[in-house]
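Have a look at the structure below, then the notes.
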Amino acid sequence: MFLYCFILNAGEPRKFDPKFRGPIHNRHCTDIICCVIFIVVILGYIALGVVAWVHGDPRKVIYPTDSYGQFCGQRDTVNENKTILFYFNILKCASPAVLINLQCPTTQLCVSKCPDRFATYIDVQASYRYRTDQWNYYKQFCKPGFNNPRKSVAQVIRDEDCPSMIIPSRPFLKRCFPDFSTKNGVLTVGNQTTFKDGNGKTRNVTDLREAANGINNVLDARSVGMKIFEDYAISWYWILIGLFIAMVLSLLFLVLLRFTAGVLFWIFIFGVIGIIGYGIWHCYWEYDHLKGIPGSDLTVYDIGFQTDFKVYLQLRQTWLAFMIILCGVEVIIILMLIFLRNRIRIAIALLKEGSRAIGYIMSTLFYPIVTFLLIAICISYWAVTAVFLATSGEPVYKVMANQTLCKYANQTCDPETFNTTNVTKLCPGSQCTFAFYGGESLYHKYIFIFQLANAFVFLWLVNFAIALGQCTLAGAFASYYWAYRKPADIPLWPLFSSFGRAIRYHTGSLAFGALILAIVQLIRVILEYLDHKLKGTHNSFTRFLLCCLKCCFWCLEKFLKFINRNAYIMIAIYGKNFCTSAKEAFFLLMRNVVRVAVLDKVTDFLLFLGKILVAGGVGVLAFFFFTQRIPIFAQEVPTLNYYWVPLLTVIIGSYLVAHGFFSVYAMCVDTLFLCFCEDLERNDGSTAKPYFMSASLHRILGKKKLSPKKAVGL
């Protein structure tokens with residue numbers, strides 16, 4: 001599709017309008033067919049959401065479901081006070097994935113609490129006459145209404161009226177899992193290493209560990225998660241203060257570029273080097289300070305995985321690794337500065353020009369908020385629709401047989417008529433239990449297709465929101481560049497005018513570009529899914545082929561993003577359709593490929609360093625604050641479980657805040673650069689065809705002298 005655009009327009013000679021004076025205002029609608037398709041798809045997407053909301057039931061995600069298809073803990077039901085799911089024989093469960101996502105081949109009941117002791121049905125039945133309290137406790141884990149301790153053990157186990165055993169458990173994800181713990185390095189459950197399985201055998205608790213593989217790590221992760229949540233709860237306002245400081249620094253950085261781009265650039269370059277240098281010194285100090293301390297010479301491999309991350313900070317190896325990484329980063333940055341020093345001088349000129357443009361159109365700095373809100377709406381709608389689609393369907397029941405040779409096993413059944421069929425006779429002990437939610441209707445058969453459609457339209461809408469922002473900003477900054485006398489000729493409200501033009505005339509073109517990118521991204525998602533599914537296979541050729549495809553489509557996505565970005569700039573300037581704009585932008589860049597490498601990419605690198613400076617500066621300040629190293633605020637620091645939780649949040653948040661502001665700046669520089677290339681091809685600096693570029697940019701790039709009229713105007 002994209003190649004077709006180039007082939008279609010490659011042979012057409014490019015024509016220049018001699019009266020061109022900036023972004024065209026008298027436009028016509030472009031790519032109307034794609035616009036109509038886009039609107040129809042949005043209406044269909046809304047219809048899909050409505051249908052999903054009608055058939056879906058989020059309670060299936062919130063509440064676990066017992067063997068009878070009833071929700072545990074749902075209000076106004078018999079299970080209202082029974083919020084936890086209990087497994088009769090967890091030894092039949094292969095892994096937590098089976099327990100949570102699919103179904104474990106054992107009876108499942110809703111209970112009010114998990115068992116807190118070891119017991120077997122054989123022992124309880126033998127003592128129920130003189131220990132009624134044990135029977136009363138045990139029967140709460142039996143099927144509702146069962147109260148016949150005289151029934152033979154064999155029949156009870158066969159009919160699964162009661163579990164053959166209960167073990168100390170604790171709830172996780174509203175399900176009862178063995179209460180694992182370690183004692184002197186030995187795995188235990190309820191402080192015991194063995195247990196009776198109810199069938200006359202004594203087994204080791206490692207059997208439970210195999211049945212619930214990985215549960216210990218997940219439970220430890222839950223504990224860490226709770227502590228992290230507590231840290232956020234008591235430090236959220238300090239995090240917001242840190243992000244506000246990052247916003248102020250980002251704005252200050254952009255404003256100062258207009259006046260002191262060169263000086264400020266070298267200051268922040270040495271600032272980044274200094275911050276990394278301080279990190280190297282601090283790592284060395286910690287490494288040297290731990291010398292001779294018992295246990296500090298252990299390796300990370302020796303201590304294994306620990307939920308308390310402070311343990312790793314007591315190892316010399318940890319600080320040595322940090323120091324080596326920071327030294328590598330420091331050397332790379334210094335070498336890049338040495339080899340790119342001449343290109344940096346040129347990039348500084350564009351930075352000054354971009355800062356000047358933003359200074360005249362300050363409203364552009366806050367446009368990323370609009371893009372963020374649009375993407376947030378898309379994500380919310382996609383997530384809600386995906387949940388409702390995933391929970392669509394009616395309860396499906398299947399035969400669960402104790403005998404492995406039962407021919408009716410895993411076949412669908414009706415619980416109301418199951419006892420009247422021959423299945424119970426041919427497969428003694430078999431039951432008709434709840435398996436999953438599904439259905440046989442046309443809607444239920446195409447749930448997977450609907451999920452793919454949901455993901456595809458989501459990608460399309462997100463890319464459209466990004467495209468709209470890029471085209472809007474490009475139109476505003478193009479209005480600045482093509483103003484002959486700056487700022488007198490800059491139109492009123494350039495950002496709002498550009499936004500209106502993009503929506504009114506170019507929705508189809510933006511949707512076209514977003515569609516191409518969404519198709520590639522969907523293919524990448526499918527490839528990642530296939531790669532995940534084939535990880536366990538030993539077919540080297542298949543994995544190699546997938547790896548090559550993933551690499552190719554990653555490169556294709558990066559290329560399309562680059563082409564689309566510049567195509568939107570051309571759309572904002574000339575108002576042509578997507579294919580024509582993409583073709584003209586591509587060949588314009590190819591005719592100026594050296595300038596693209598020198599100016600555009602070096603500027604991107606400088607802006608990236610700016611993000612690092614903002615994030616690093618705020619991060620260092622947050623580190624000193626949360627570690628109580630600022631005496632003035634020592635009493636204000638909240639008591640935290642992990643000080644790195646708010647610290648990392650502030651650092652990552654500061655980087656994203658800086659990225660939001662600097663993305664506007666990057667779009668400004670890209671637009672000015674493309675306009676500059678266009679200016680050079682359209683004009684020659686004469687009185688009849690004067691350049692529109694500023695005098696400073698014209699002087700640094702070494703072109704002909706400006707016309708006297710232009711020089712006076714500047």
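Please read all numbers here as calculations on a predicted model, not as lab measurements.
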Sub-4.5 Å side-chain heavy-atom contact between [X] and [Y]:
X      : Y      : result
Leu452 : Phe456 : no
Ile166 : Tyr121 : no
Pro115 : Phe86  : yes
Asp66  : Lys82  : no
Gln108 : Arg175 : no
Cys114 : Ile84  : yes
Lys139 : Phe146 : no

Report the distance from atom [atom1] of [X] to atom [atom2] of [Y], rounding to the nearest 0.5 Å.
X      : Y      : atom1 : atom2 : result
Thr649 : Ile239 : OG1   : CD1   : 4.5 Å
Ser235 : Leu240 : OG    : CG    : 9.5 Å
Leu389 : Phe450 : CG    : CZ    : 8.0 Å
Leu647 : Trp238 : CG    : CH2   : 15.0 Å
Gln125 : Trp135 : CD    : CH2   : 8.0 Å
Trp285 : Met323 : CH2   : CE    : 14.0 Å

Spell out, as yes or no, whether a donor-acceptor pair under 3.5 Å connects the side chain of [X] to the backbone of [Y].
X      : Y      : result
Tyr138 : Pro163 : yes
Glu528 : Lys550 : no
Tyr381 : Tyr45  : yes
Arg316 : Tyr287 : yes

Original post:
Should we count OH of Tyr284 as having more than 12 external heavy atoms under 6.0 Å?
Top reply: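 Not more than 12 within 6.0 Å, no.
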Subject >> Heavy atoms of other groups near Lys143 NZ, more than 12 under 6.0 Å >> reply: yes
Original post:
Do Asp288 and Trp319 have side-chain atoms, one donor and one acceptor, less than 3.5 Å apart?
Top reply: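 Result is no, nothing qualifies.
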Subject >> Verdict with supporting geometry, Thr120 and Phe195, side chain to side chain contact (heavy atoms under 4.5 Å, CB included) >> reply: CA-CA 10 Å; Thr120 64; Phe195 67 98; over 6 Å; no
Subject >> Criterion side chain to side chain contact (heavy atoms under 4.5 Å, CB included) on Val384 and Trp53, from CA distance to verdict >> reply: CA-CA 9 Å; Val384 171; Trp53 295 340; 3.5 Å; yes
Subject >> Full working for side chain to side chain contact (heavy atoms under 4.5 Å, CB included) between Asp161 and Cys142 >> reply: CA-CA 6 Å; Asp161 293 320; Cys142 299; 5.9 Å; no
Subject >> Partners meeting ring-ring contact (aromatic ring centres under 6.0 Å, His included) with Tyr137 (sequence neighbours left out) >> reply: Phe141
Original post:
So Cys176 and Leu85, side chain to side chain contact (heavy atoms under 4.5 Å, CB included) or not? Walk me through it.
Top reply: CA-CA 6 Å; Cys176 291; Leu85 193 66; over 6 Å; no
Subject >> Heavy-atom closest contact (Cys162 atom, Val156 atom, distance) >> reply: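 Between these two residues, the closest heavy atoms are N-CG1, 3.7 Å.
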